[in-house]
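Worksheet: the structure to be examined is printed underneath.
Counting begins at 1 with the first residue of the sequence.
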Amino acid sequence: LLKDLAPTTSTAGATASDLLASAATATAAATPTDTIKHRITPAYRTEVVQRILAMTSADTYVNITDFEWYATVLVDLAYVSHVSVGDEIKDRILDIVARVRGNFRPYAVGLMMRLLRDENFIAGAQEEGSCGEVLYAASWVVGEYCQYVPRQQSMRGSRKAHASALLLASLSTDSKKDMIDALLNPALYQISSEISVVALTAAVKVFAYFTAEAAEDWTRELFNDAKALVVKMTGTLAGCTSSPEVELQERVRRKGNVTV
């Protein structure tokens, strides 16, 4: 959203309005994030992003007609804002996924899966302004709606032309097995106890779906996959027992009883 802006050209409110208006009338492939530049001061960037979030969510999203586009914008903002707005973006993602049903939820799951497979984003998630908090939303959405995670890898491009360049114009093609691996990524557990708890819970939920689907067409390969995932999951759980966070320890104890 903010690439070619200079703070002296307009107020933050007018800037946010202009960006959203131009995005709504631009080509289908464009999103508001196509125009953010690092030369804008952090304070100004923060105000512009917060204005955008406020305007788009006003009156329970009355101005939003395409929630797939909006979800893409939120994810793009997490990548390019470079200011501390991660909690606000996380809250918007969780809110719209809970409110909007139909075909939107599978799309949202695809976006969140892509975040969870982005090693560079995860590696920088502890840096100031990284918006790493959105990984909480990504883990929660994938776990809560894991029925939309493909059983096998799929070659699935974006169904709409507005998918952004930052998302490589495609949703995730990962399978449930891939997502369990992603949710057990040790780097996720270095970010915060909150993300650790939700990622751990999501991994167990996806694993439950994985085994239920595998039982319909059980093979030696699926058995080996399930066994390897159990080993990895219990290893992750064991590694979390040294955490000073009481909540995480309690979750580890409960999930350990499920998987062992």
Side-chain angles (χ1 to χ4, degrees), residues 1-20 23 31-58 61 64 69-98 108 111-112 114-142 164-167 182-183 185-199 202 243-245 247-248:
L1 259 215
L2 310 167
K3 254 181 196 168
D4 285 319
L5 300 181
T8 57
T9 59
S10 65
T11 66
T15 295
S17 297
D18 292 344
L19 285 168
L20 289 173
T31 70
T33 53
D34 291 336
T35 54
I36 295 180
K37 254 193 189 164
H38 298 288
R39 64 183 182 183
I40 302 172
T41 65
Y44 187 76
R45 296 169 70 84
T46 299
E47 187 174 358
V48 170
V49 173
Q50 288 176 338
R51 293 291 186 97
I52 290 168
L53 294 174
M55 285 189 289
T56 53
S57 62
Y61 310 102
I64 303 297
W69 171 85
Y70 185 46
T72 302
V73 169
L74 291 173
V75 173
D76 284 355
L77 282 174
Y79 274 93
V80 304
S81 61
H82 300 298
V83 287
S84 299
V85 291
D87 274 325
E88 292 95 325
I89 296 173
K90 174 199 72 177
D91 290 344
R92 293 296 185 279
I93 291 172
L94 292 173
D95 192 41
I96 62 173
V97 174
L111 292 184
M112 299 302 102
R114 194 163 186 84
L115 270 175
L116 290 168
R117 296 290 281 177
D118 190 333
E119 295 285 351
N120 291 330
F121 186 83
I122 293 172
Q126 291 178 285
E127 297 176 6
E128 184 177 359
S130 67
C131 295
E133 295 89 347
V134 299
L135 291 166
Y136 179 103
S139 299
W140 187 90
V141 169
V142 169
S164 71
L166 286 173
L167 295 172
L183 288 162
N185 181 354
L188 271 179
Y189 295 80
Q190 303 300 314
I191 301 169
S192 71
S193 60
E194 292 80 7
I195 290 175
S196 297
V197 168
V198 75
S243 170
E245 297 293 334
E247 182 186 7
L248 182 55

Self-check item: Minimum-distance pair of heavy atoms, taken over all atoms of Ile195 and Ile191
Solution: CD1-CG2, 3.6 Å
Practice problem: Indicate yes or no: at least one non-hydrogen side-chain atom of Ser84 is less than 4.5 angstrom from one of Glu128. | Solution: yes
Quiz item: Looking only at heavy atoms, which two atoms of Ser130 and Gly124 are closest? And how far apart?
Solution: CB-O, 3.0 Å
Quiz prompt | Where Thr72 and Leu111 come nearest, the two heavy atoms and their spacing | solution = N-CD1, 3.9 Å
Practice problem: Please assess Ile96 against Leu74 for the test side chain to side chain contact (heavy atoms under 4.5 Å, CB included), listing each intermediate value before the final yes or no. | Solution: CA-CA 11 Å; Ile96 62 173; Leu74 291 173; 3.9 Å; yes
Quiz item: Do the side chain of Ser139 and the main chain of Tyr136 share a donor and acceptor less than 3.5 angstrom apart?
Solution: no
Self-check item: Leu116 to Val142 - nearest heavy-atom pair and separation
Solution: CD1-CG2, 3.8 Å
Practice problem: Tell me, please, which residues at least two apart from Asp95 pass side chain to side chain donor-acceptor pair (under 3.5 Å). | Solution: Tyr61, Arg99
Practice problem: Using the test side chain to side chain donor-acceptor pair (under 3.5 Å), find all partners of Gln50 that sit at least two apart in sequence or belong to another chain. | Solution: Glu88
Quiz prompt | Gap between atom OG of Ser192 and atom CD of Gln126 - 0.5 Å precision | solution = 8.5 Å
Self-check item: Side-chain heavy atoms of Met112 within contact of Val75, under 4.5 Å
Solution: yes
Quiz prompt | Over all atoms of both residues, closest heavy-atom pair of Ala78 and Ile89 | solution = N-CD1, 3.7 Å
Quiz prompt | Shortest non-hydrogen separation from Arg45 to Val80 and the atoms involved | solution = NH2-O, 2.7 Å
